[in-house]
Every structure is written in structure tokens, then in C-alpha cells.
Amino acid sequence: SGRFVLNHVQIRGKAGQVIATDARQALILGGFALPFEGDILVPAIPAFGCRELTAEAEIRVGHSAAELVVACGPWSVWLPINAEGRYPDVASILPKPGTGTAARLDDSIAAELLRLLPTLPGAKDEEQPVTLDLEADLVVRAGDEAAGVVREHSLPASVGGPGRSTAVNRAVLARALALGCRTIRIHPVMNSVIFEGPNRTLVVAALD
């Protein structure tokens, strides 16, 4: 399948990570205790979003040569392991710790930014762009070319590294904040933005 990467997730046993991508953004979730050392590929299915499974507190993971089994309470999901596919090395596109330009938000500022994003102009644009200026503070700017309107808001943030700007889809930014990501990092070389939180990293391609 030409969409192999889009309909599989990578489970990294030793690293305790689950990695998924839609070719424009990649999500790395960590902190999992897994009963195997290697990396495996399994189908990405929507079952784990079902209310019956998300309500279960007891989660068990089993592994055989052919299948990964995830048991949630009385439910068991059997995922066939794809031994032939090759997944992209998502970790290789992450900047080294401490490099690039980064802004750290506290929870109250993140909540304020979440409330602010839907009110900014340009929401009907296909890419829903917002510009992020990482200087002394975080400046969020958006415009509507048809209406000739531009609005910007300065939010207190702890910024490290040289001042830089980037543009991202506001829906992606909102998702990152909702996931608990509180650090926004602009890659020092690649045209990408990295949102970091506890045991989770969302990597997205910056907009032109």
C-alpha cells in the first residue's frame, strides 16, 4: 500500500514509545512499559478511541511472533505484526536537546492561547495559518487578506535561543496545547516546529 505509513503505527519496545504520522505531522508518545525490546509495526485502528476501552483502567500488553495483544479490562485487541514494512526514522528529525529556538509556556498562558486561537482572523483559510514570533516573548499573529485585517497578541513566555519566526496551522497548535505540550521549538535547520510535553512530542512541517 502506498499509504503504509499512514495506516500503521510503530511500537518501540526498548524506548517505550508509540509513534504515528499522517505524513505532515508525527506524534511520539512515551512512558510505556512494554514486554519486548525491539520495534514492531501494527495497524492503526480506531478501536482505542471507543468509550468502552478508554473507560478501562487496567491495561495489559502481550506479544508473540505474529501479534501484539492489548487487553483493556474484558476487551482484547489483537494486532497483526507487519514484519515486512519499514517505518521512517522519526527520531532523526528531532533537534538535539538545547538547540534551536524554544519558548516555554506555563499552563495559564497555554490556556489563554487556546481560547485566543479561534478568535484570530484567517480561520477560513485552508491552512488556518498563524505566525509565531519567538523573541523576548511569544507573539502570535494572524491575518485575513480579503478583509485586510491583521491581529497580533503578545504572551509572556520563557524564550531561549536566537529570535526566530515560523508559521503553523492553528488547529495543529491547538492540538499540541491540548495534548499538554508547553514548549514550542523551531528546528535550527529543518523547516519544522516541535511541540514538547511530558512523554509526548508533536512534530509538524512549518507553513511557507
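One-based numbering along the sequence shown.
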May I ask you to test the Thr183-Leu105 pair for a side-chain heavy-atom distance under 4.5 Å?
no
Are the side chains of Phe32 and Ile11 in touch, meaning some heavy atoms are under 4.5 Å apart?
no
Taking Val69's backbone N and O only, do any of them form a donor-acceptor pair with Arg60's side chain (distance below 3.5 Å, no angle check)?
no
Is Lys124 paired with Glu145 through a side-chain N to carboxylate O contact shorter than 4.0 Å?
no
Minimal heavy-atom distance between Arg164 and Pro188, with the atoms involved, is NH1-CA, 3.5 Å
Salt-bridge present (Arg141, Asp133; N to O < 4.0 Å):
yes
Minimum side-chain heavy-atom gap Ile184-Leu132 below 4.5 Å:
yes
Is Asn169 reaching over with its side chain to a backbone N or O of Glu127, donor-acceptor style, under 3.5 angstrom?
yes
Mind listing the closest non-hydrogen atom pair of Arg12 and Ile19 along with its distance?
CD-CD1, 3.5 Å
I want to check something: taking the side chain as every heavy atom from C-beta on, are Leu114 and Glu112 in contact at a cut-off of under 4.5 Å?
no
Same apolar cluster: Val42 and Ile45, side chain cutoff 4.5 Å
yes
Would you say that Leu179 contacts Arg200 through its side chain, given a criterion of any heavy-atom pair below 4.5 Å between the two side chains?
yes
Are Leu177 and Leu207 connected into the same hydrophobic cluster when the rule is that any two of I, L, V, M, F, W, Y join if their side-chain heavy atoms are below 4.5 Å apart?
no
Give the cluster check for Ile40 versus Val18: same hydrophobic cluster or not, with ILVMFWY residues linked at side-chain heavy-atom distances below 4.5 Å.
yes
Indicate whether any N or O donor in one side chain lies under 3.5 Å from an N or O acceptor in the other, for His153 and Arg151.
yes
Single-linkage hydrophobic cluster, 4.5 Å side-chain cutoff, Leu138 and Leu173 together
yes
Same cluster for Val90 and Leu41 if Ile/Leu/Val/Met/Phe/Trp/Tyr side chains link at under 4.5 Å?
yes
